[in-house]
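What you see is a predicted model, and the numbers here were worked out from it, not measured in a lab.
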Amino acid sequence: MQIKLLETPNVVFECARLITDWADGKSFRDLKEELRASTRAEAQILDGCFDSIIDFTEAVVGGINFTDDVLKHLFVTRPEIGSSLAAYILHEAFCSQKPSFPEDAEKIKSQSKSTFFANMYSLLLDRFPSLEAQVKVESYGEFINFISALPVTAELKWELCSFYNGFEQMRTVLADIVLEAGNLFMREYPNVRHHVEWFTANYKMTAGADPMKLICEFCPSARGKEPDVLYVIPTVAAAHDSAYLMDYVGERIVDFVYAGVLCTPLKKISEKPFDEKSMCKSLRLMGDGSKLSILRLTAEKPMYGIQIAEALGLTTATVSHHMAQLAEQGLVIVSREANRTYYTANLEALGKICDDMIRLFRLDRS
């Protein structure tokens with residue numbers, strides 16, 4: 001699998017995502033205030049992250065007329081399906097970095113119904129994989145039968161059919177949006193360019209030999225996917241989260257991870273203040289060689305007391321004493337199976353200690 005980084009946002013995706021966020025009622029202003037209330041981040045840090053993106057989104061969304069019923073159907077009535085299908089209509093233009101809005105609009109308007117059919121079927125299979133072996137779909141009639149077999153309400157089945165039947169109208173409306181919003185995007189883009197440049201520099205610096213690990217941090221749904229080519233693209237409109245899009249059409253599978261340019265800084269800002277007393281107690285426990293060895297062993301797999309005692313040459317009473325202290329501090333997870341008690345190192349808690357140490361000594365300062 002090839003992993004490629006595109007260093008500028010994809011304008012067509014940005015326009016589509018802005019519409020989706022608008023329909024969901026999302027607001028960067030609301031998110032900013034939530035973070036201000038829940039963290040001790042300084043105001044100027046939040047301002048630096050958000051203000052230029054707030055200006056950008058308000059300018060772009062404010063410049064588009066959202067009165068069309070097709071848009072409401074795609075992004076409001078059933079957004080979990082409509083917005084995904086809209087993404088597939090726009091998908092042919094997603095691979096392009098350089099804006100060429102008339103050309104992109106023509107690509108969208110000329111997309112065939114068979115391509116949309118294949119993508120719609122693939123999207124539904126992804127959501128309902130148990131039906132794959134039961135239904136073979138090669139024609140419109142078989143597709144209707146497939147929709148009828150889905151474990152969803154009659155209302156949703158009707159909407160899925162209407163998506164297919166209204167494809168040409170959806171395609172035209174989305175093409176017009178690309179033309180209208182694209183120029184607004186480019187006009188406002190300089191306001192947020194520095195966030196994008198920070199993202200691409202951070203990606204290059206931290207991806208190293210295992211870029212997939214970093215990609216999965218941005219977008220957990222990318223885990224386990226193995227396309228022929230995976231593009232990582234910074235996104236401004238979805239600055240605080242990410243999206244994974246699969247392309248099922250064609251001989252090569254080309255997938256896209258659209259990672260928000262603020263994902264990493266927001267994660268740092270939103271971290272809860274750590275408890276110094278608790279951290280000191282955990283470090284004291286880990287400073288005991290036997291306890292540290294227990295954590296190392298149980299980080300590999302769950303183990304019960306006699307196994308640990310034999311591996312470390314300790315008595316079972318000593319192991320029980322250590323385990324009581326480690327469990328009280330939350331450094332091990334205790335589970336019971338039949339007549340045995342198993343212990344597993346709490347990797348999340350241990351990871352938090354490491355993160356707190358980094359934050360305390362500012363070891364991640366660039």
Side-chain angles (χ1 to χ4, degrees), residues 30-50 202 205-206 210 213-214 216-220 223 240-242 260 262-337 340-366:
D30 293 340
L31 182 61
K32 177 179 172 180
E33 291 308 313
E34 287 174 11
L35 283 164
R36 192 189 303 281
S38 63
T39 71
R40 296 194 294 188
E42 296 178 5
Q44 59 263 36
I45 296 176
L46 290 172
D47 292 343
C49 282
F50 278 94
N202 181 68
M205 182 175 65
T206 57
D210 190 7
K213 181 179 178 181
L214 183 65
C216 289
E217 290 180 9
F218 289 130
C219 194
R223 194 178 305 278
H240 60 292
D241 58 12
S242 55
L262 294 183
C263 280
T264 302
L266 283 182
K267 182 180 178 183
K268 293 178 181 178
I269 290 173
S270 60
E271 288 172 335
K272 301 295 183 184
F274 59 84
D275 183 342
E276 280 195 30
K277 288 185 178 180
S278 177
M279 184 177 70
C280 289
K281 185 175 181 180
S282 296
L283 292 174
R284 282 196 297 270
L285 292 175
M286 294 166 66
D288 181 312
S290 294
K291 291 184 178 68
L292 187 61
S293 296
I294 289 171
L295 290 172
R296 178 177 54 79
L297 283 174
T298 56
E300 297 175 358
K301 63 179 181 179
M303 299 180 70
Y304 56 91
I306 294 176
Q307 285 180 310
I308 297 170
E310 291 177 350
L312 298 179
L314 303 173
T315 66
T316 54
T318 300
V319 170
S320 296
H321 172 73
H322 289 318
M323 283 305 182
Q325 292 181 314
L326 291 170
E328 181 184 6
Q329 190 60 19
L331 298 178
V332 294
I333 299 169
V334 182
S335 59
R336 289 174 176 78
E337 186 177 321
R340 286 177 175 165
T341 300
Y342 284 85
Y343 303 96
T344 308
N346 188 341
L347 299 182
E348 184 177 346
L350 293 169
K352 184 178 185 304
I353 293 170
C354 295
D355 290 341
D356 287 346
M357 292 288 287
I358 289 172
R359 292 171 60 203
L360 180 64
F361 297 107
R362 302 180 184 275
L363 298 177
D364 62 339
R365 179 186 290 169
S366 55

Legend entry - Spatial distance of atom CG (Leu266) from atom NZ (Lys32) [nearest 0.5 Å]: 12.0 Å

Legend entry - Pairs flagged by salt bridge (Lys or Arg N to Asp or Glu O under 4.0 Å) wherever residues 290-301 is involved - sequence neighbours left out: Asp288-Lys291

Legend entry - side-chain hydrogen bond (donor to acceptor under 3.5 Å, both in side chains) partners for Ser242, two or more places apart: none

Inset, instruction - Give a yes or no answer on whether the side chain of Gln329 reaches the backbone of Met279 with a donor-acceptor pair at less than 3.5 Å. - result: no

Legend entry - side chain to side chain contact (heavy atoms under 4.5 Å, CB included) assessment of Tyr343 paired with Ile333: CA-CA 6 Å; Tyr343 303 96; Ile333 299 169; over 6 Å; no

Legend entry - Qualifying ring pair (Phe, Tyr, Trp, His ring centres under 6.0 Å) pairs with a residue from residues 283-303, counting only residues at least two apart or across chains: none

Legend entry - side-chain contact (heavy atoms from CB on, under 4.5 Å) partners of Asn202, counting only residues at least two apart: Trp198, Met205, Thr206, Thr264

Inset, instruction - Return the set of residues passing side-chain hydrogen bond (donor to acceptor under 3.5 Å, both in side chains) with Asn346 (not counting sequence neighbours), or none when no residue passes. - result: none

Legend entry - side-chain hydrogen bond (donor to acceptor under 3.5 Å, both in side chains) involving Gln44 - partner list, sequence neighbours excluded: Glu42

Inset, instruction - Would you indicate whether the side-chain heavy atoms of Ile353 and Leu331 approach each other to under 4.5 Å? - result: yes

Legend entry - For Pro220, side-chain contact (heavy atoms from CB on, under 4.5 Å) partners two or more places apart: none

Extract all donor-acceptor atom pairs below 3.5 Å that involve side chains of residues 305-317 and protein atoms in other chains or at least two apart in sequence.
from: Gln307; atom 1: OE1; to: Tyr304; atom 2: N; distance (Å): 3.1
from: Thr315; atom 1: OG1; to: Thr318; atom 2: N; distance (Å): 3.1
from: Thr315; atom 1: OG1; to: Thr318; atom 2: OG1; distance (Å): 2.8

Inset, instruction - Answer yes or no: is there a side-chain heavy-atom contact under 4.5 Å between Phe50 and Leu35? - result: yes

Inset, instruction - Could I get the full list of side-chain contact (heavy atoms from CB on, under 4.5 Å) partners for Ser335, not counting sequence neighbours? - result: Tyr342

Legend entry - Residues that Asp210 engages under side-chain contact (heavy atoms from CB on, under 4.5 Å), provided they are two or more places apart: Met212, Lys213

